[in-house]
Amino acid sequence: MADFHEFYPLRAHNTFGFDSHARLAAHIRSESDLVSALSDPRAAGLPVVVLGGGSNVVLTGDLDASVLLMEIPGYEVGHDAANWLVTVGAGENWHATVGRTIADGMPGLENLALIPGTVGAAPIQNIGAYGVELRERFHSLRALDRQTGQFVTLDLDTCAFGYRDSLFKRDGRDRYIITAVTLRLPKVWQPVLNYGELARELESIPAPDAAQIRAAVIAIRSRKLPDPAQIGNAGSFFKNPVVEAARRDALSAQYPALVSYPQPDGRYKLAAGWLIDQCGFKGLDDGPVGVYGKQALVLVHHGGGTGAALLGLANRIADTVEARFGVRIEPEPVIL
Ligand SMILES: Cc1cc2nc3c(=O)[nH]c(=O)nc-3n(C[C@H](O)[C@H](O)[C@H](O)COP(=O)(O)OP(=O)(O)OC[C@H]3O[C@@H](n4cnc5c(N)ncnc54)[C@H](O)[C@@H]3O)c2cc1C
């Protein structure tokens with residue numbers, strides 16, 4: 001039998017800090033905890049919601065669901081000819097894992113330092129920052145396939161990673177519960193310093209090592225992003241929209257300061273933060289929710305507000321951006 005709690009408070013389990021209660025919730029500390037929670041008759045017929053650190057979700061009310069709080073530990077190092085293969089439990093903290101692998105002499109995750117949340121959630125949106133995405137450091141993962149009831153190993157190709165996207169946001173949505181992730185860290189390490197802001201931060205260090213890059217990423221992020229322990233937020237609220245070259249050219253003719261980045265497929269990624277800023281939303285306060293003053297891409301909750309109010313503000317922003325630029329920006333967090 002699973003160790004279920006009834007009417008379980010989730011405020012401490014979402015970085016926006018919204019009030020919400022789960023009909024049932026269980027702490028999942030092993031694969032057998034997971035199996036018993038899924039087969040427990042008390043949860044029969046209830047939808048299942050998987051939560052890691054809650055740093056990429058918007059809770060819009062109470063969850064009439066069985067909420068699984070992923071806390072599976074684990075850290076095991078193996079290797080093949082070219083790589084360290086580090087298998088980490090889904091419930092381990094991502095940022096701590098970045099620090100631990102570097103301290104253990106296996107660099108490669110330094111650009112992804114200080115991203116909140118768990119290791120098990122990292123593949124869901126293929127987390128990325130400062131020129132590196134998880135997929136570049138990913139070997140495989142282990143998950144429970146809820147369709148067959150079997151544990152499976154999924155490799156890089158099967159996970160179909162894209163920009164803030166993967167199998168788990170598409171066909172595999174609600175199908176897989178990830179219990180461990182195997183990271184692939186090349187034994188011959190190459191720093192990734194092609195992100196302008198990071199390169200500038202490290203200007204005074206001729207050949208920075210992974211620990212120095214990690215420290216620089218932490219310094220930049222701490223200046224730019226609100227700490228969820230102080231102000232409720234989920235990091236970037238909108239994904240950067242990707243548009244055809246013709247659309248980008250037309251927009252940049254009209255708005256010469258438009259910020260855009262060429263993509264390998266010939267399209268362009270537009271900076272959603274710039275689009276929102278141009279519409280005058282940066283720093284807006286809408287009662288208990290608002291837009292962060294230092295970064296227009298981040299929506300914030302000051303306390304006492306609701307996920308529904310935040311979504312109302314998000315829609316207003318997306319509608320205004322679309323009316324002005326003809327481009328729809330989509331939310332990054334999962335709305336529950
Ligand atoms: C201040 C701040 C900065 C951020 N910066 C970045 C950034 O730079 N880059 C970036 O990519 N993201 C960023 N994020 C978003 C977030 O940190 C990541 O998406 C992170 O991976 C979410 O982890 P989590 O454990 O909190 O997931 P949760 O929010 O708990 O869950 C997110 C989704 O994953 C699912 N899920 C979670 N665990 C599992 C599992 N074990 N198996 C199956 N499904 C699961 C949930 O059901 C949900 O759909 C930021 C967030 C904050 C608050």
Side-chain angles (χ1 to χ4, degrees), residues 1-74 87-94 117-125 140-155 158-160 165-182 234 306-308 310-311 331-336:
M1 291 271 279
D3 184 17
F4 275 125
H5 304 264
E6 288 179 28
F7 199 60
Y8 185 86
L10 295 173
R11 195 205 290 195
H13 293 274
N14 74 102
T15 58
F16 268 118
F18 288 126
D19 270 324
S20 165
H21 287 80
R23 159 106 80 108
L24 290 177
H27 297 274
I28 304 298
R29 301 193 176 103
S30 65
E31 288 189 346
S32 57
D33 282 356
L34 179 59
V35 172
S36 36
L38 291 171
S39 56
D40 194 295
R42 287 171 294 170
L46 282 183
V48 171
V49 171
V50 179
L51 262 192
S55 64
N56 212 23
V57 292
V58 182
L59 300 180
T60 55
D62 286 342
L63 297 181
D64 193 19
S66 165
V67 174
L68 307 182
L69 304 165
M70 298 304 288
E71 296 169 9
I72 299 177
T87 301
V88 188
E92 295 285 351
N93 177 271
W94 174 262
T118 56
V119 169
I124 305 296
Q125 70 159 2
S140 57
L141 59 78
R142 185 170 155 87
L144 180 74
D145 180 349
R146 294 183 58 211
Q147 229 164 60
T148 63
Q150 303 292 312
F151 282 93
V152 291
T153 299
L154 305 182
D155 65 11
T158 312
C159 291
D165 193 35
S166 73
L167 167 75
F168 313 104
K169 295 201 114 184
R170 295 166 179 261
D171 305 349
R173 205 190 156 108
D174 295 331
R175 176 167 172 184
Y176 298 101
I177 302 181
I178 298 167
T179 57
V181 176
T182 301
T306 63
L310 186 95
L311 289 187
E332 183 186 297
V334 177
I335 317 295
L336 291 171

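Below, each value reflects all heavy atoms present in this structure, side chains not excepted, and no hydrogens, waters or symmetry copies.
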Could you check if a side-chain atom of [X] sits within less than 4.5 angstrom of a side-chain atom of [Y], using non-hydrogen atoms only?
X      : Y      : result
Leu311 : Ile335 : yes
Leu310 : Phe16  : yes
Glu92  : Thr118 : no
Arg142 : Val152 : no
Leu154 : Phe168 : yes
Arg29  : Ile72  : no
Leu10  : Asp62  : no
Asn56  : Glu332 : yes

Quiz prompt | Non-hydrogen atoms of Val181 and Gly120 that approach each other most closely | solution =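 Residues Val181 and Gly120, closest heavy atoms: CG2-CA, 4.3 Å.
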Quiz item: Looking only at heavy atoms, what is the nearest atom pair of Val58 and Pro333, with distance?
Solution: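 Answer, listing the atom of Val58 first, then Pro333: CG2-CB, 4.1 Å.
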Rounded to the nearest 0.5 Å, what separation is found between the [atom1] atom of [X] and the [atom2] atom of [Y]?
X      : Y     : atom1 : atom2 : result
Ser55  : Asn14 : OG    : CG    : 10.0 Å
Asp40  : Leu24 : CG    : CG    : 8.0 Å
Leu336 : Phe18 : CG    : CZ    : 12.5 Å
Phe4   : Arg42 : CZ    : CZ    : 6.0 Å
Ser36  : Ile28 : OG    : CD1   : 7.0 Å
Leu51  : Leu69 : CG    : CG    : 6.0 Å

Quiz prompt | Residue Arg175 excluded, over 12 heavy atoms near CZ under 6.0 Å | solution =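 Yes.
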Exercise. Go through the steps for Met70 and His27 under the test side chain to side chain contact (heavy atoms under 4.5 Å, CB included), then give the verdict.
Key: CA-CA 6 Å; Met70 298 304 288; His27 297 274; over 6 Å; no
Practice problem: Given side chain to side chain contact (heavy atoms under 4.5 Å, CB included), test Tyr8 with Leu63 step by step and report yes or no. | Solution: CA-CA 10 Å; Tyr8 185 86; Leu63 297 181; over 6 Å; no
Quiz item: Using 4.0 Å as the upper bound for N to carboxylate O, is an ion pair formed by Asp174 and Arg146?
Solution: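 Judged by the 4.0 Å cut-off on N to carboxylate O distance, Arg146 and Asp174 do not form a salt bridge.
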Exercise. Would you sort out whether Tyr176 and Leu144 count as a side chain to side chain contact (heavy atoms under 4.5 Å, CB included), showing the intermediate values?
Key: CA-CA 6 Å; Tyr176 298 101; Leu144 180 74; over 6 Å; no
Short question: side chain of [X], backbone of [Y] - any donor-acceptor pair under 3.5 Å?
X      : Y      : result
Ser166 : Ile124 : yes
Thr60  : Ala308 : no
Ser20  : Gly61  : yes

Exercise. Could you give me the CA-CA distance, side-chain angles and deciding distance for Leu68 and Val49, then say whether side chain to side chain contact (heavy atoms under 4.5 Å, CB included) is met?
Key: CA-CA 6 Å; Leu68 307 182; Val49 171; over 6 Å; no
Quiz prompt | Side-chain donor-acceptor pair present, Ser140, Thr153, cut-off under 3.5 Å | solution =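 Judged by distance alone, the side chains do not pair up.
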